[in-house]
Amino acid sequence: MAALQQSTLKIVLGIESSCDETAVALVRADGQVLAERIASQDAEHRPFGGVVPELAARAHAERLAPMLKAVLLEAGVAIADVDAIAATAGPGLVGGVMVGLVTGKALAFAADKPLYGINHLEGHALSPRLVAPGLGFPYLLLLVSGGHCQLIAVEGVGRYRRLATTIDDAAGEAFDKVAKMLGLGFPGGPAVERAAALGNPKAVPLPRPLVGSGEPHFSFAGLKTAVLRAVQSGLHAPEDIAASFQAAVTDCLADRTRIAIHAMPEATALVVAGGVAANSAVRMALEAVASAHALPFIAPPLKLCTDNAAMIGWAALERMAAGLAPESDPQARPRWPLDPSAEPVRGAGVKA
Ligand code: KG4
Ligand code: ZN
């Protein structure tokens with residue numbers, strides 16, 4: 001574990017509520033997660049085939065307080081003993097973000113602790129350092145989740161340079177939509193991966209948008225449309241469609257990552273984070289790309305890839321160790337780019 005340079009080991013209480021996972025964690029500066037709880041809302045959203053923002057906010061509001069109590073009790077830590085409270089302040093579904101952030105503010109006020117409003121994407125970006133001893137800056141990060149698909153040069157804590165983003169959909173969103181088209185249920189990514197394991201990835205010819213174009217960005221809308229046509233044709237088994245789709249997404253991610261490696265020769269490692277990093281075909285392809293460029297490949301354990309609160313607490317610990325003061329009275333932000341100076345690209349930024 002990457003112990004941060006601090007005189008005593010600080011402890012942060014992290015809260016995450018930006019999408020459909022309610023999560024709380026107590027994290028220490030030596031990378032120990034003292035206790036954590038993650039409650040998924042799959043059952044609430046399943047009947048709708050996607051995350052319903054209003055239901056998500058209500059579920060966060062119902063669950064957060066008991067989870068906070070449980071985590072403190074399990075770790076044997078009193079709120080007075082934590083050094084700071086960290087809550088996701090965006091980007092995400094703003095109702096849910098407000099529930100977590102306001103809870104964090106109230107706790108911080110009552111216990112007289114600093115409050116860090118954390119960018120959820122920074123949580124993902126720094127999470128590999130929670131588990132990878134010696135992962136230093138700068139590294140190349142592929143952040144692939146339901147709302148994001150970006151390649152980022154992580155130059156230091158709070159220093160992120162966006163190298164590529166999606167011009168339409170995020171990769172995880174494409175997995176979710178394809179799962180819906182195939183009637184595989186919700187959440188989509190794991191369902192598509194399970195179906196793909198039973199299919200032939202070469203059975204259905206599908207496009208690899210932008211591959212070979214020299215353009216650094218991602219695009220998945222055309223691939224999604226091609227999958228819809230394949231489904232409607234009735235010519236293919238769902239497993240073959242799932243396998244062929246997963247292969248196409250994997251090829252796109254690997255190809256764009258290759259371009260980014262060339263654009264960032266100073267990178268010391270290739271790191272992947274976000275929910276889609278839980279996909280084993282994606283991991284294997286990225287590992288091959290990294291090894292072809294003699295770069296170490298770092299993928300956090302699955303639990304840290306999808307949304308969690310340990311990464312939010314950890315991001316605050318990183319900020320404390322880097323001497324970055326928390327913003328006073330942070331507000332919930334539906335959009336919050338990691339690299340505010342990045343040029344907008346066609347269609348991007350539609351999703352939080
Ligand atoms: O990071 P995350 O938990 O939440 C966001 O911030 O978006 O990512 C969730 C996304 C969903 O789109 C989900 O379908 C996808 O990650 N995902 C997967 C897998 N597990 C989760 N996609 C492909 N294969 C998986 N095994
Ligand atoms: Zn996320």
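One-based numbering, in listed order, for ligands and for the atoms of each.
- Judged by distance alone, the side chains of Glu36 and Asn308 never bring a donor and an acceptor atom under 3.5 Å apart.
- Regarding atom 10 (C) of ligand 1, its nearest protein heavy-atom neighbour is Gly146 N, 3.4 Å.
- Nearest protein heavy-atom contact of atom 26 (N) of ligand 1 is Glu193 OE1, 2.7 Å.
- Closest protein heavy atom to atom 14 (O) of ligand 1: Asp176 OD1, 2.6 Å.
- Side-chain contact between Pro326 and Leu115 is absent, with no heavy-atom pair separated by less than 4.5 Å.
- Remark: side-chain polar atoms of Arg258 are not paired, donor with acceptor, to backbone N or O of His293 under 3.5 angstrom.
- The heavy atom nearest to atom 21 (C) of ligand 1, considering only Ala281, Gly275, Gly189, is found in Gly275.
- For the ligand labelled ligand 1, residue Pro187 lies outside the 4.0 Å heavy-atom shell.
- Each of Val77, Val27, Val12 was compared with Val82 under the side-chain contact (heavy atoms from CB on, under 4.5 Å) criterion, and only Val77 meets it.
- Of all atoms in ligand 1, numbered sequentially from 1 with element shown, those under 4.0 Å from a heavy atom of His120 are 6 (O).
- Using a 4.0 angstrom heavy-atom cutoff, Gln246 does not count as in contact with ligand 1.
- Here is the list of ligand 1 atoms found below 4.0 Å of a heavy atom in Thr306: 3 (O).
- His148 lies apart from the Zn ion (ligand 2) in this respect, since none of its N, O or S atoms is found at a distance under 2.8 Å.
- With hydrogens left out, the protein atom closest to atom 4 (O) of ligand 1 is Asp307 OD2, 3.0 Å, a heavy atom.
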Kindly indicate, with the supporting measurements, whether the criterion side chain to side chain contact (heavy atoms under 4.5 Å, CB included) is fulfilled by Leu143 and Tyr160. CA-CA 12 Å; Leu143 177 57; Tyr160 311 102; over 6 Å; no
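- Here the side chains of Asp339 and Ser341 are in contact, with some heavy-atom distance below 4.5 Å.
- In this structure, the protein non-hydrogen atom closest to atom 24 (N) of ligand 1 is Asn279 ND2, 3.0 Å.
- Within the coordination shell of the Zn ion (ligand 2), defined by N, O or S atoms under 2.8 Å, Cys19 is absent.
- Look at Glu62 and Arg58 and you find no salt bridge, because none of the NZ, NE, NH1 or NH2 atoms lies under 4.0 Å from a carboxylate O.
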Would Glu122 and Trp336 satisfy side chain to side chain contact (heavy atoms under 4.5 Å, CB included), going step by step from the backbone distance to the final call? CA-CA 10 Å; Glu122 177 168 74; Trp336 187 1; over 6 Å; no
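- Classification of Asp255 and Arg208 as a salt-bridged pair fails, no side-chain N sitting under 4.0 Å from a carboxylate O.
- Rounding to 10°, one obtains 100° for the angle at the Zn ion (ligand 2) between OD1 (Asp307) and NE2 (His124).
- Residue Pro190 places a heavy atom under 4.0 Å from ligand 1.
- Using a 4.0 Å heavy-atom cutoff, His124 is listed among the residues neighbouring ligand 1.
- Residues Ile312 and Ile15 form no side-chain contact, since every pair of their non-hydrogen atoms from C-beta on lies 4.5 Å or further apart.
- When each atom of ligand 1 is checked for a heavy atom of Gly147 under 4.0 Å away, the hits are 7 (O).
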